[in-house]
Amino acid sequence: MTGRRSASASAVIRVVLDEGAIARSTIARRTGLSAAAVTGHVAELMRRGFLTELPEVAGAVGRPFVPVDLDTGRFVVCGAHVAVDHLTVGLLDLRGKVLAQHETPHHGAEPAVQAAQIAELLDDLLVGHAPERTPLGLGVATGGWVDESSGTVVEHGLLGWHGVPLRDLLTEVTGLDVRVDGHSRALIHAERLLGQPRARRSVVQLFTGNVVDAAFATGDTVHHGPRSAAGAVAHLRVDDSEEPCRCGRSGCLEATVSERTVARKAVEARIVEKPIFADVLRLAASGNKSAVALFHERARIIGQAAALLFDVLNPEILIVLDQSVRDVEGCLSTIRDEVSQRSWVCQDAEKNVAASSFPGTELATAGAAVMLNALYGDPLFTNLANAS
C-alpha cells in the first residue's frame, strides 16, 4: 500500500510539473486516479509545501475551479558538479529553473577539500540568492564510476579518486540530504523531467568533456548495471587515432577527444600559446578557422561513438553534451553527418541526435537533477519530505 501511495503521489506531482496550473479533475484524467485519490494526494502535497492553490478561475463551461501548481517560491534545490579542474554549484526551484550558479576552480583533488569548498560555495549562494527559501537537499553529479546507491565514487581516474564516500562527506559538511550519481545519468533525469519529452521513451546521453561517458534509459528505468558501472565508454577504440591513453593502450575515445587533448593539440598547432581549453573554445566560437577545424575533427570522432551507441541501443533520441556543440557552429552537424554515414539503425540523425536542453546551465542542472529525480519519484517518503 505504501508503494502504491508513493507511486500515485508521484504521478500527481509529475502531471503538475508537466502541465503547470491545472484542475484536480484534469489531474485525475491524466493519471487515471479517482477524483477522491487526487484530492487526497493534492492535500498531502500541499501540506508538505510542494503544491499550492491558485485563485479560482472559470471553467470551460463556466463552472469555476481552483487550480493547483508547484510552489516554486518555498524551496530551493541545491546542485553541485565535480569536474576535473573545477566545481559548479547552483540553486534551482522545483521546476528546474536555475536561480543562481557559480563555477570556480577547485582547491585540489582531495575529496575532503572539495566537499568543504562545495559547502562554502553553497552557503554563499543560499545567503545571497535564496535567504528565505528552505533547501530541500543537495544533488551531486560527477564523472567516472559512481555507485548511486551508496553515494560512492568508485573510481575517477583523472581526479585520482577510488572508493570516495562523497555522499557521506557532503552530508557531514552541509547537513543536507545528499544524493550522488554519475553526470550522464543525472542529465538523463534532467532531460526526462525538464527537457526532451522523447527522452521518456528511450534515450542515450553522451557526455564529452575531460571525462567521456554515457548513460541509457528506457521507459522509466535508467540503466545502472552492477555497482552502477554502466556507460563506461571512455576506452572505446576509435578510428584514425593513436592518442596514448592512461589505460596503456592508444586510440581510446576519452584520450582522443578530451578537453585536455584538444588544448594540447591547439598548442602544437600554434593556435594558442598555453593549453587552456576555454581559450581554444573561445577562438573557435569567434570563428578562428584553425580552432574550428580542430573542433570539427573532434566532432567527427564523437560521431563515431554516437553511431555505435545508436546501433547497440537504438534509442528514440541521443543527446550529446559538449561545449563545442553549444558554442561552435557546425559541430552538431558534423556529429549528425557521421551518425548518418555509420549507423545502420538511425534513419534521421537531424531528428534523433540532439544537443542538451540546458545550454549554459548543464552542470548545475545535472547536479540538482539527482535531487529533483528523488523528489518527483517519491515525494511522500523520501527524506526530502521532512524538509518542510
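- Counting only N and O atoms by type, the side chains of E242 and S250 include a donor and acceptor under 3.5 Å apart.
- Judged purely by distance below 3.5 Å, without hydrogens or angles, the side chains of R282 and N288 never pair a donor atom with an acceptor atom.
- For the side-chain hydrogen bond (donor to acceptor under 3.5 Å, both in side chains) test with N352, the passing option among R198, E316, R336 is R198; the others fail.
- Here the straight-line distance linking atom CG of L51 with atom CG of D69 works out to 8.0 Å at 0.5 Å rounding.
- Between L70 and F50, the closest side-chain pair of non-hydrogen atoms is not below 4.5 Å.
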Checking E132 against R74 for the salt bridge (Lys or Arg N to Asp or Glu O under 4.0 Å) test, could you report, in this order, the C-alpha distance in whole Å, the side-chain angles of both residues, the deciding distance, and whether it holds? CA-CA 8 Å; E132 305 301 323; R74 180 171 181 177; over 6 Å; no
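- Remark: the D124 side chain and the H102 side chain contain no N/O donor-acceptor pair separated by less than 3.5 Å.
- P67 places none of its side-chain heavy atoms less than 4.5 Å from the side chain of I22.
- The structure places CZ of R95 at 5.5 Å from CG of L17, a figure rounded to the nearest 0.5 Å.
- Taking OG of S10 as the start and CG of L375 as the end, the distance is 9.0 Å to the nearest 0.5 Å.
- Put simply, I319 and F358 are part of two different groups of oily side chains (I, L, V, M, F, W, Y) that touch within less than 4.5 Å, one to the next.
- For D147 and T152, the side-chain atoms include no donor-acceptor pair closer than 3.5 Å.
- Every residue was checked against the ring pair (Phe, Tyr, Trp, His ring centres under 6.0 Å) condition with H189, not counting sequence neighbours, and none meets it.
- D71 and T52 share no donor-acceptor pair across their side chains, judged by distance under 3.5 Å alone.
- At a threshold of 4.5 Å between non-hydrogen side-chain atoms, the residues E254 and V211 count as touching.
- With 3.5 Å as the limit, one finds a donor-acceptor pair spanning the side chains of T26 and R29.
- Contact detail for L318 and A306: the closest heavy-atom pair is CD1-O, 3.7 Å.
- Within the 4.5 Å cutoff, the side chain of P379 has no heavy atoms near those of the R48 side chain.
- Paired with H41 under the rule side-chain contact (heavy atoms from CB on, under 4.5 Å), one option of T31, I27, V12 passes, and it is V12.
- A donor-acceptor pair shorter than 3.5 Å cannot be found between the side chains of S202 and T218.
- Taking the six-membered ring for Trp and thresholds of 30 and 60 degrees, F207 and H81 have nearly parallel ring planes, at less than 30 degrees apart.
- Applying the ring pair (Phe, Tyr, Trp, His ring centres under 6.0 Å) test to F216 and every residue at least two apart in sequence or in another chain returns nothing.
- Partners of K265 according to the side-chain contact (heavy atoms from CB on, under 4.5 Å) rule, which considers only residues two or more places apart in sequence or in another chain, are E243, T261, E268, L294.
- In this structure, a donor-acceptor pair under 3.5 Å is absent between the side chains of D168 and T171.
- Atoms NE2 and SG, on H235 and C247 in that order, are 5.0 Å from each other to the nearest 0.5 Å.
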